[in-house]
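When a ligand or atom number is given, it counts from 1 through the structure's own listing order.
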Amino acid sequence: MAFKMTLSRLLKMKQKGEKITALTAYDYPFARLLDEAGIDIILVGDSLGMAFRGEENTLKVTIDDTAYHTRAVKKGIKRAFLVADMPFLSYHLGIEKTMENAGRLISEGAEAVKLEGAEGVVAAVERLVSAGIPVMGHIGLTPQSIHQLGGFKIQGRHTEAAGKIIEQARMLEDAGAFSVVLECIPVDLAAAITDKLKIPTIGIGAGAYCDGQILVTNDLLGMPSDITPKFVKKYADVSSVVSNAAREYIDEIRTSQFPDAEHSYETPRRLKAI
Ligand code: KIV
């Protein structure tokens, strides 16, 4: 196995201009495959509400859900740095509840937590970091604020909105975040933020100049989904692989081709004699 990815290695990657790779996982087999492929960061994203459970947004995901998936993902990881998402409202109901919820994810094996927003979460970021819990920020399109944003839309297109996102990135860095996800913002805005920050920016729909990139694994594998944003590139067509295998299986059972002798147990000779 190559070296274990750590927080300080991630920061060094930014300093050296090495790109950081990140993907989501919600279970053991995917975590293991991504880890073995050499991914740097695995995120147990609250996107699990949509990608794993078929919900229309991420708002129904709870801390119990994230803890459960973090435990499974942890078992598949040897090298990658494991980040778990703090779900909707799990870090807004007072600092004690925030610490308890983050602590739960860490005790399930996460090495850091991710939370969305800036102004409203700076105090939480500071407290988590001072308790030894690394925090990844997330600004731009923040799916937990979907109703406030009016949908899954690109953010920071106008000068004032862009300035606000730059300010939020600075706030998170000053509060001690070790990295920040930039979701669905224009390429030049993401580049400006990446230049201004010492911590790595991880882009999703934020162009090529970020220090790293993240995608929802189901999306890049071409698994079934109700929406496919412009920024998703499909690297495989797993939907066809699964559908074709299932169709072949169904067909072979119906035509008595499966199970054949190769996939059946022979009766021991002793029993045959009875
Ligand atoms: O929940 C998630 O998967 C995320 C990534 C898309 C950044 O937040």
Problem set entry | Heavy-atom gap K114 to ligand 1 smaller than 4.0 Å | yes

For this session: Measure the acute angle between the ring planes of F52 and H69, then classify it against the limits of 30° and 60° as parallel, tilted or perpendicular.
Result: perpendicular

Exercise. Looking at H138, which atoms of ligand 1 are within less than 4.0 Å of one of its heavy atoms?
Worked result: 8 (O)

Problem set entry | Identity and distance of the protein heavy atom lying nearest atom 3 (O) of ligand 1 | S47 OG, 2.5 Å

Exercise. Out of V180, I199, V125, which one pairs with E173 under the side chain to side chain contact (heavy atoms under 4.5 Å, CB included) rule?
Worked result: I199

Problem set entry | Hydrophobic cluster of L149, others only, ordered by chain and residue number, side-chain cut-off 4.5 Å | M50, L59, F88, L89, L141, I146, F152, I227

Problem set entry | Side-chain donor-acceptor pair present, Y209, T201, cut-off under 3.5 Å | no

Exercise. Between D85 and ligand 1, which part of the residue brings a heavy atom under 4.0 Å of the ligand: side chain, backbone, both or neither?
Worked result: side chain

Exercise. Considering only protein heavy atoms, which is closest to atom 4 (C) of ligand 1, and at what distance to one decimal place?
Worked result: L43 CD2, 3.5 Å

Problem set entry | T24-ligand 1 polar pair, N/O distance under 3.5 Å | no

For this session: Look at atom 6 (C) of ligand 1 and say which protein heavy atom is nearest, naming residue and atom and giving the distance to 0.1 Å.
Result: I204 CD1, 3.6 Å

For this session: Pull out every atom of ligand 1 sitting under 4.0 Å from any heavy atom of G45, numbered as shown with elements.
Result: 1 (O), 2 (C), 3 (O)

For this session: Could you walk me through whether D40 and R79 pass salt bridge (Lys or Arg N to Asp or Glu O under 4.0 Å), step by step?
Result: CA-CA 8 Å; D40 299 316; R79 177 188 172 273; 3.1 Å; yes

For this session: Over all heavy atoms of both residues, which pair between A162 and G156 is shortest? Give the atoms and the distance, please.
Result: CB-O, 3.7 Å

